[in-house]
Structures are given as structure tokens and as C-alpha cells.
Trainee: 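Pasting a structure below so you can have a look.
Position 1 is the first residue of the sequence, and the numbers go up from there. As a basis for the values below, the full set of heavy atoms in this structure was taken, side chains included, without hydrogen atoms, waters or symmetry mates.
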Amino acid sequence: MKIKLLMTGLMGLVSVAAFAQKGELNNAKEKYDSYSVEKANKITQVQGVKDLADAKTSIDKASVNEKTASLPLTFALKGAIYSSLVTQDTIPANKAANFTIAEEALKKATSLDSVKQENKTMIHDAALNLASYQFDLGRTEFQNKKFEDAYKSFDYYHQIAPDDTLALYVTGISAANAGDSNAKYYGYAISSYTKLLTTNYSNKPAIYYDLTNIYLATKDTTNALKTVSAGVAAYPADNNLRRREIEIGLQSGKQDILVEKIQSAIAADPKNKTLYYYLGLTYSQIAESYGNQQIKTKVIADKTALETKKIDNYHLAAEQYKKAVDIDPSYFEANLNLGYVTLKPAIDEYNAANQLPSSKQKEYEAALAKSKADFEAARPYLQKAVDLNPKSYDALNNLKTYYLGAQNTAKANEIQKQMDALGGK
């Protein structure tokens with residue numbers, strides 16, 4: 001009898017011990033659930049901090065007891081509690097230590113929970129806590145220009161929240177900046193930005209633009225042009241993308257394609273002043289490119305041929321700017337550029353005339369007369385641009401150049417005073 005009673009007593013002790021350890025797990029769950037509610041209300045936040053501390057004490061005990069240490073709920077709770085400590089603590093070293101514990105616990109919880117997924121919501125919420133910590137860390141790293149570290153931190157967040165477009169954007173911009181010192185990150189940036197274009201991100205024109213910059217940084221003009229052209233097709237009214245397409249197209253020797261594309265757009269929308277403006281801008285930049293070649297060329301015959309091509313394209317540009325101005329006489333940019341492309345040949349003619357030898361008096365007089373006529377042709381548009389925007393340094397400078405060419409020094413000086421008052425460009 002005594003032996004039987006002794007055995008019964010031992011069994012009772014074992015049951016109580018097992019219950020005690022299960023009680024720690026239950027207490028951890030109860031305290032964590034209370035904290036989850038209390039943290040959202042200022043009135044109960046203090047109690048929430050206490051309950052979270054109690055939950056930590058209980059889960060630490062449950063984690064070392066053989067009866068509860070390997071349970072999926074134990075790992076899930078530990079990850080959830082420690083991830084919450086990461087968000088609550090203000091000491092960086094504590095945050096980092098708790099982050100490591102939480103991350104390890106969540107990895108184990110995920111592997112154990114993969115079939116029944118009874119703790120899926122708890123695991124996901126805890127993972128979001130860790131992601132939030134990494135996002136804040138990435139923001140600090142980015143501000144400190146530690147772009148590779150920022151990329152890794154933001155990418156951690158993105159892996160947890162793949163549908164968060166902000167996460168994808170900051171991951172991409174960090175990689176793009178890191179690429180300046182480590183080219184492999186350009187590939188990561190391209191991947192992030194390309195994915196972003198498939199989402200509902202609100203500022204896609206800027207993404208198309210930035211993506212072209214990354215391709216240009218890797219000397220991939222083919223994909224740069226392909227990307228910006230896709231951007232223009234999606235956002236035809238975006239001025240920055242239109243300009244970039246022209247720039248990259250010219251760099252790639254694709255000016256004919258650019259002209260054809262804009263002409264096709266005009267055919268479909270003949271009252272669109274902006275399209276005429278961009279066609280004029282394309283011809284303007286083609287003319288400038290011939291001018292740049294002309295400077296580098298030493299052969300007189302080649303210089304003459306390039307001069308002809310340059311002037312022809314300035315004239316083509318003027319025709320398109322005039323069409324834009326006809327649609328909208330108050331179109332500042334079109335008036336400004338029309339004045340410039342009319343003025344530029346006049347300047348070249350004036351300079352060329354003054355380089356003629358004294359033995360070519362007739363040629364000199366003819367060239368000077370031609371220059372004067374072209375100066376006068378530019379004046380109405382130069383003046384209109386200033387009237388439309390009196391504070392435009394470029395518009396004032398162009399008008400001043402006209403008066404210098406017209407040998408009206410007094411007016412030129414007057415305009416210079418206006419420019420000086422602007423304090424520079």
C-alpha cells in the first residue's frame with residue numbers, strides 16, 4: 001500500500017510539473033494577446049509594455065523545457081514576442097539582439113508550421129515587425145550614404161512585403177546609388193525598377209526616366225532608348241520623357257526614327273502643339289550635333305557641308321516651332337526656341353562676315369545684310385518670349401544678343417541690367 005501511494009504521489013508531481021510548463025506557454029500567449037490589444041491605445045500602452053515583458057519571461061521558460069521547447073506554437077510565440085521587443089526597445093544593441101532571436105525563432109516556426117499553418121497569422125505579423133525594423137535601418141543607412149547596406153535592409157523588407165511599391169522603389173534607388181561604386185548593383189536596380197513598372201505605383205514616369213539613367217550608366221543605350229520610348233508611349237504628355245527620348249535617340253544615332261515617331265504622332269493628333277514643339281526640338285538638337293562636328297573638323301570642305309546641314313535643320317526646327325506658336329501664341333518654350341533657332345544662323349553669318357578679308361568687300365556687305373535680315377526675323381519671337389516670361393534669364397539673354405547684333409548697345413545694356421537683377425540663371 002505504501003508503495004502504491006508513493007507511486008501515485010510521484011505521478012501527481014509529474015502531472016503538476018508538465019502542467020506548470022504548459023502554463024508558461026499559455027501565459028506567454030495570454031500576455032502577448034493582451035499586449036497586441038493594449039499597444040494600440042495610449043491609455044493601455046504602459047500595461048502593454050508590462051504584459052510584453054511578462055510574455056517574454058514565460059516564453060523563455062517554455063523555450064527551455066523539453067515538454068514545450070519544440071512545439072510550433074512556442075517558436076511562433078517567441079518570434080512574435082521578440083519581434084515586438086524589437087519595435088519597443090530604443091537601444092540599438094537590444095534591437096539587434098532581439099532581432100536575431102526573433103528571426104531564428106520565426107524560421108523554425110515557419111518550417112514546423114508549414115503543413116497545418118495554425119500560426120500563420122502570428123508568424124506573418126511578427127515578420128512584418130522585423131521588416132519594419134529593417135526598413136528604418138535602411139532609411140538611416142541611405143541617409144548616411146551606405147547604399148549597399150541600405151539596399152540589403154530595404155530588400156529584406158521587400159521580401160516580407162512584396163506588394164509594397166514603396167519598398168520596391170527604395171530597394172531600387174538604393175541599388176542604383178550603390179551601383180556607382182559597385183556595378184553589380186545596377187542589375188539589382190534594373191530588376192527592382194522593371195518590377196515596379198508592372199505595379200500600380202503612382203509615379204511611373206519618374207521610374208521610366210530613372211531606369212534610362214541606369215541603362216546609360218551601364219552603357220546600354222539600346223535598352224535605354226527602348227525604355228524611354230515605352231515611357232513616352234505610356235505617358236505621351238510627359239515633357240521629361242520626351243526630352244530624354246530625343247537625347248538618347250540622338251546619342252544612339254536614331255534621329256531619323258525619332259523624327260518619324262513624332263511625325264506619326266502629329267498625324268494622329270495634328271492640333272497638339274507639344275508634338276510640334278518636340279519635333280522642333282529634335283531638329284534643333286540635330287543642328288547642334290552638326291555644329292559640334294563642325295568644330296572638330298579641320299577640312300574646309302567638310303566644315304562647309306556640315307554648316308549647310310546645320311542651317312537646314314535650324315530652318316526645319318523653326319518651321320515646327322512656328323506651327324506650335326500658331327496653335328498657341330502664348331506658348332513660351334516654343335517662342336523662346338523659335339527665336340533662338342532663327343537667331344543662331346544670324347550670329348554665325350555675322351561672325352563669318354567679320355572674318356572675310358578686306359579684299360572681299362562685296363561679299364562682306366552681302367553677308368552682313370543677310371545677317372541683319374535674319375536678326376530682324378528673330379526679334380518678334382525673342383521679344384514675345386520676354387513678354388511671356390520677363391524673369392527668364394535665357395529669354396533676356398537671347399534678346400540682348402539680338403540687340404548686340406543689331407548694334408544697339410544701349411538696349412543691350414538695358415537688358416543686361418534686367419539680367420543682373422535676376423541674380424544669374
Trainee: Mind checking whether L225 and S229 have side chains closer than 4.5 Å, heavy atoms only?
Mentor: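 SC-SC contact between L225 and S229 confirmed.
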Trainee: Taking all heavy atoms of L275 and all of I262, pick out the closest pair and write down the distance.
Mentor: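 Heavy atoms of L275 and I262 come nearest at O-CG2, 3.4 Å.
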Trainee: Using a 3.5 Å distance criterion without hydrogens, assess whether the side chain of T44 forms a donor-acceptor pair with backbone atoms of E38.
Mentor: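 Indeed, once roles are kept as given, a pair shorter than 3.5 Å links the two residues.
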Trainee: Before giving the answer on side-chain contact (heavy atoms from CB on, under 4.5 Å), spell out for Y32 and L77 the whole-Å C-alpha distance, their side-chain angles and the decisive distance to 0.1 Å.
Mentor: CA-CA 8 Å; Y32 175 73; L77 261 176; 4.1 Å; yes
Trainee: So do the side chains of V86 and S84 get within less than 4.5 Å of each other, counting heavy atoms only?
Mentor: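 With C-beta onward as the side chain, the pair stays apart.
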Trainee: With distance as the sole test, does S174 use its side chain to make a donor-acceptor pair with the main-chain N or O of T171 at under 3.5 Å?
Mentor: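 No.
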Trainee: How would you list all residue pairs meeting ring-ring contact (aromatic ring centres under 6.0 Å, His included) that involve residues 77-114, not counting sequence neighbours?
Mentor: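 Residue pairs with at least one partner in residues 77-114: F99-Y133, F99-Y156.
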Trainee: Could you walk me through whether D328 and K273 pass the salt bridge (charged side-chain N to carboxylate O under 4.0 Å, His left out) test, one step at a time?
Mentor: CA-CA 7 Å; D328 180 4; K273 65 179 183 180; 2.6 Å; yes
Trainee: Indicate yes or no: at least one non-hydrogen side-chain atom of D180 is less than 4.5 angstrom from one of Y186.
Mentor: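 They are in side-chain contact.
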Trainee: Scan Q159, H158, K152 and name whichever one has a side chain to side chain donor-acceptor pair (under 3.5 Å) with D155.
Mentor: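 Only one option passes, and that is Q159.
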Trainee: Quick one, N213 and R244 - any side-chain contact, counting heavy atoms below 4.5 Å?
Mentor: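 Yes, close enough: below the 4.5 Å cut-off.
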Trainee: Return all side-chain donor-acceptor pairs below 3.5 angstrom for residues 317-326, not counting sequence neighbours, or 'none' if the list is empty.
Mentor:
| from | atom 1 | to | atom 2 | distance (Å) |
| --- | --- | --- | --- | --- |
| Y321 | OH | G280 | O | 3.3 |
| Y321 | OH | L281 | N | 3.2 |
| Y321 | OH | S284 | OG | 2.9 |
| Y321 | OH | N337 | ND2 | 3.1 |

Trainee: Could you tell me whether the side chain of S371 and the main chain of A346 form a donor-acceptor pair under 3.5 Å?
Mentor: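 Judged by distance alone, yes, a pair lies under 3.5 Å.
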Trainee: Kindly compute the distance separating CG (L258) from CZ (R242), expressed to the nearest 0.5 Å.
Mentor: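 The CG atom of L258 sits 9.5 Å away from the CZ atom of R242.
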Trainee: Taking D238 for its side chain and L241 for its backbone only, find out whether a donor-acceptor pair lies under 3.5 Å.
Mentor: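 At least one qualifying donor-acceptor pair exists.
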Trainee: Ignoring hydrogens and geometry beyond distance, is a side-chain donor-acceptor pair present between Q45 and K39 at under 3.5 Å?
Mentor: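 The answer is no; no qualifying pair exists.
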Trainee: Do I123 and F75 come close enough that some side-chain heavy atom pair is under 4.5 Å?
Mentor: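 When only atoms from C-beta onward are counted, F75 and I123 do not touch, as no gap falls below 4.5 Å.
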Trainee: Salt-bridged, K107 to E104, with N to O below 4.0 Å?
Mentor: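 Here K107 does not pair with E104 in a salt bridge, since their nearest N and O are not under 4.0 Å apart.
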Trainee: May I have the step-by-step check of salt bridge (charged side-chain N to carboxylate O under 4.0 Å, His left out) for D54 and K50, ending in yes or no?
Mentor: CA-CA 6 Å; D54 290 344; K50 183 179 182 300; 3.3 Å; yes
Trainee: Return yes if some donor-acceptor pair links the side-chain N/O of T194 with the main-chain N/O of S191 below 3.5 Å, else return no.
Mentor: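 Checked: no pair found.
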Trainee: Tell me the closest heavy-atom pair linking G138 and A150, and the distance in Å.
Mentor: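 That would be O-CB, 3.6 Å.
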Trainee: Would you call K360 and P357 a side-chain contact if the rule is heavy atoms closer than 4.5 Å?
Mentor: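 Answer yes - side chains close enough.
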Trainee: Do K31 and D51 meet the salt-bridge criterion of a basic N to acidic O distance under 4.0 Å?
Mentor: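 Yes, this pair counts.
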Trainee: Quick check: do F375 and I347 have side-chain heavy atoms less than 4.5 Å from each other?
Mentor: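 A side-chain contact exists here, since the closest heavy-atom pair is under 4.5 Å.
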Trainee: Tell me the closest heavy-atom pair linking P270 and I327, and the distance in Å.
Mentor: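 Scanning both residues completely, I find the closest heavy atoms to be O-CD1, 4.1 Å.
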Trainee: For A224 and L216, which heavy atoms make the closest approach, and how far apart are they?
Mentor: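 Looking at all heavy atoms of both residues, the shortest contact is CB-CD2, 3.8 Å.
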Trainee: Would you kindly say whether Q418 and E414 are connected by a side-chain donor-acceptor distance under 3.5 Å?
Mentor: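 E414 and Q418 do not have a side-chain donor-acceptor pair below 3.5 Å.
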Trainee: Please report the shortest heavy-atom distance between G172 and A189, naming the atom on each side.
Mentor: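 Heavy atoms of G172 and A189 come nearest at O-CB, 3.6 Å.
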Trainee: Judged by atom type as modelled, is there a donor-acceptor pair below 3.5 Å linking the side chain of N144 to the main-chain atoms of K146?
Mentor: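 It does not hold such a pair.
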Trainee: Between E288 and N292, does any side-chain donor sit less than 3.5 Å from a side-chain acceptor?
Mentor: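 No - no donor-acceptor pair under 3.5 Å links their side chains.
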Trainee: Which is it for N413 and Y403 under the side-chain hydrogen bond (donor to acceptor under 3.5 Å, both in side chains) test, yes or no, and what are the steps along the way?
Mentor: CA-CA 9 Å; N413 290 339; Y403 281 117; over 6 Å; no
Trainee: Test salt bridge (charged side-chain N to carboxylate O under 4.0 Å, His left out) on K362 and E365 and set out the steps.
Mentor: CA-CA 5 Å; K362 288 185 179 181; E365 291 176 357; over 6 Å; no
Trainee: Between K303 (side chain) and K298 (backbone), is there a donor-acceptor pair under 3.5 Å?
Mentor: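 Judged by distance alone, no pair lies under 3.5 Å.
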Trainee: Checking side-chain contact (heavy atoms from CB on, under 4.5 Å) against D164, which of L166, L168, I160 comes through?
Mentor: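 By the side-chain contact (heavy atoms from CB on, under 4.5 Å) criterion, D164 pairs with just one of L166, L168, I160: L166.
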Trainee: Using the salt bridge (Lys or Arg N to Asp or Glu O under 4.0 Å) criterion, which residues pair with K310? Sequence neighbours excluded.
Mentor: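 If we apply the salt bridge (Lys or Arg N to Asp or Glu O under 4.0 Å) test to K310, skipping adjacent residues, the hits are E307, D348.
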Trainee: Using 0.5 Å steps for rounding, measure from the OG1 atom of T227 to the CD1 atom of I214.
Mentor: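 These two atoms lie 9.5 Å from each other.
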Trainee: Side chains of N26 and E30: do they bring a donor and an acceptor to under 3.5 Å?
Mentor: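 No, no side-chain donor-acceptor pair sits under 3.5 Å.
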Trainee: Y201 pairs by ring pair (Phe, Tyr, Trp, His ring centres under 6.0 Å) with which of Y169, Y208, Y193?
Mentor: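 The single option meeting the ring pair (Phe, Tyr, Trp, His ring centres under 6.0 Å) with Y201 is Y169.
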Trainee: Taking K226's backbone N and O only, do any of them form a donor-acceptor pair with Y215's side chain (distance below 3.5 Å, no angle check)?
Mentor: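 No; judged by distance alone, with no hydrogens or angles, the pair does not exist.
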Trainee: Supply the atom-to-atom distance L399 CG to Y381 OH, rounded to the nearest 0.5 angstrom.
Mentor: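 Going from the CG atom of L399 to the OH atom of Y381 covers 15.0 Å.
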Trainee: Between N239 and Y278, is there a side-chain donor-acceptor contact under 3.5 Å, judged purely by atom types and distance?
Mentor: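 Judged by distance alone, the side chains do pair up.
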Trainee: Going by an N to O cut-off under 4.0 Å, is there a salt bridge joining E245 and K261?
Mentor: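 Answer for the salt bridge query: yes.
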Trainee: Let's go through Y402 and K400 carefully: what are the C-alpha distance in whole Å and the side-chain angles of both, what is the deciding distance for side-chain contact (heavy atoms from CB on, under 4.5 Å) to 0.1 Å, and is it a yes or a no?
Mentor: CA-CA 5 Å; Y402 157 75; K400 173 193 164 185; over 6 Å; no
Trainee: Side chain of K309, backbone of A287: donor and acceptor closer than 3.5 Å?
Mentor: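 No: the side chain of K309 does not pair with the backbone of A287.
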Trainee: Test side-chain contact (heavy atoms from CB on, under 4.5 Å) on Y35 and Q47 and set out the steps.
Mentor: CA-CA 8 Å; Y35 159 76; Q47 181 60 41; over 6 Å; no
Trainee: Look at the aromatic rings of F154 and F142 and report parallel, tilted or perpendicular, splitting at 30° and 60°.
Mentor: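 Taking F142 first and then F154, their aromatic rings sit tilted (interplane angle of 30° to 60°).
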Trainee: Might you work through the side-chain contact (heavy atoms from CB on, under 4.5 Å) test for S392 and V386, ending with a clear yes or no?
Mentor: CA-CA 7 Å; S392 168; V386 171; over 6 Å; no
Trainee: Are the side chain of D113 and the backbone of E118 linked by a donor-acceptor contact shorter than 3.5 Å?
Mentor: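 The answer is yes, because a donor-acceptor pair under 3.5 Å joins these two groups.
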Trainee: Should we count NZ of K372 as having more than 12 external heavy atoms under 6.0 Å?
Mentor: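 Not more than 12 within 6.0 Å, no.
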Trainee: Which pair of heavy atoms, one from T199 and one from L196, lies closest together, and at what distance?
Mentor: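 Closest approach of T199 to L196: OG1-O, 2.7 Å.
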Trainee: With a 4.5 Å cut-off on side-chain heavy atoms, are T68 and E24 touching?
Mentor: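 A side-chain contact under 4.5 Å is absent here.
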Trainee: Should the pair Y151 and Y188 be assigned to parallel (<30°), tilted (30 to 60°) or perpendicular (>60°) ring geometry?
Mentor: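 Y151 vs Y188 ring planes: parallel.
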Trainee: Could you tell me whether D136 and R139 have a side-chain N and a carboxylate O separated by less than 4.0 Å?
Mentor: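 Result for this pair is yes, salt bridge flagged.
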